[in-house]
Amino acid sequence: MSSDERIDAYIAKAAPFAQPILTHLRKALHETCPDVEETIKWSMPFFQLDGRPFANMAAFKQHCAFGFWKGRNVVGEDSSDDAMGQFGRLTSVSELPSKKALTGYIKKAVEQHRAAAAAPRAKAPARKPPAEVPPDLAAALKKDAKARKTFEAFSPSHQREYIEWITEAKREETRAKRLATTLEWLAEGKARNWKYENC
């Protein structure tokens, strides 16, 4: 059994009602899947399989939670939305599935976990080519060093946001106004959608 002393400490610090739940889950995982590895992630006991997330458990003031990574596929209709994980707010070992059912869930999770690892990965979408800078924006940037420096430092997607905003204008007055605003915002180091960055 690959045990992590930090999980021993986590269980020891948990509320008395939580300790048997966490111990039971930990034991069931190791008995059913001896390859599972323990660690701590996001300040809670975490279990990995083949170096990838597999399951986690946590103790709170009045309940515990347990779940499989992508567990809705494992537990299906029996899954609970009442708490983190798929088994709801656990307050005693008796609220867990039977040993046979829990073993079945763990085995199913292992199968799905390994099948997902063996499946070919989806090809990443092709990157869009950099957007072509329209002549009026190029000319304006030539005259404004501060705005040009910001624009050139932006990623292609940030540059595209400004380019599309300008080129989508239907009227010349709108386009001119957007071009002026673009230069002003670029001189201030702002992305096109800067207003929404802290929402």
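Hydrogens, waters and symmetry mates are skipped; everything else that's a heavy atom, side chains included, is used.
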- Which atom of Asp136 lies closest to which atom of Leu179, heavy atoms considered: O-CD2, 4.0 Å
- Query: Taking all atoms of both residues into account, what is the closest heavy-atom pair of Phe60 and Ala65, and its distance?
  - Reply: CE1-CB, 4.0 Å
- Side-chain donor or acceptor of Arg178 paired with backbone N/O of Trp165 under 3.5 Å: yes
- Message: Testing the basics here: between Arg148 and Leu141, what is the closest heavy-atom pair and its distance to 0.1 Å?
- Response: NH1-O, 3.0 Å
- Tell me yes or no: between the side chains of Glu161 and Ser157, is some donor less than 3.5 Å from an acceptor? no
- Task: Would you indicate whether Glu173, at its atom CD, is surrounded by more than 12 heavy atoms from other residues, nucleotides or ligands within a distance under 6.0 Å?
- Result: yes
- Query: Should we count NZ of Lys41 as having more than 12 external heavy atoms under 6.0 Å?
  - Reply: yes
- Task: Without swapping roles, check the side chain of Glu95 against the backbone of Thr91 for a donor-acceptor pair under 3.5 Å.
- Result: yes
- Taking only residues two or more places apart in sequence or in another chain, which ones pass ring pair (Phe, Tyr, Trp, His ring centres under 6.0 Å) with Phe54? Phe68, His113
- Query: Can you name the closest pair of heavy atoms from Ile7 and Met57 and give their distance?
  - Reply: CG2-CE, 4.4 Å
- Query: Are any of the side-chain nitrogens in Lys27 or Glu31 under 4.0 Å away from the carboxylate oxygens of its partner?
  - Reply: yes
- For the residue pair Tyr105 and Phe66, is the inter-centroid distance of their aromatic rings smaller than 6.0 Å? no
- Note on the structure: Taking every heavy atom of Phe154 against every heavy atom of Lys190, the minimum-distance pair comes out as CZ-O, 3.5 Å
- Taking the side chain from Thr32 and the backbone from Ala28, do they hold a donor-acceptor pair closer than 3.5 Å? yes
- Give the ring-plane orientation class for Trp185 versus Trp194, where under 30° counts as parallel, over 60° as perpendicular and anything between as tilted. perpendicular
- Item | Phe151 side chain near Val133 side chain, heavy-atom distance below 4.5 Å | yes
- Glu188/Glu184 under side chain to side chain contact (heavy atoms under 4.5 Å, CB included): CA gap, chis, key distance, verdict: CA-CA 6 Å; Glu188 294 172 7; Glu184 180 186 329; 3.8 Å; yes
- Minimum-distance pair of heavy atoms, taken over all atoms of Ala191 and His158: CB-CD2, 3.4 Å
- Is it true that a side-chain atom of Gln19 and a backbone atom of Ala12 form a donor plus acceptor pair closer than 3.5 Å? yes
- Task: Using a strict cut-off of less than 4.0 Å between a Lys/Arg side-chain nitrogen and an Asp/Glu carboxylate oxygen, indicate whether Arg52 and Asp50 qualify as a salt bridge.
- Result: no
- Short question: side chain of Gln48, backbone of Thr39 - any donor-acceptor pair under 3.5 Å? no
- Message: Checking Arg26 against Glu38 for the salt bridge (charged side-chain N to carboxylate O under 4.0 Å, His left out) test, could you report, in this order, the C-alpha distance in whole Å, the side-chain angles of both residues, the deciding distance, and whether it holds?
- Response: CA-CA 9 Å; Arg26 184 186 198 189; Glu38 295 184 351; 2.7 Å; yes
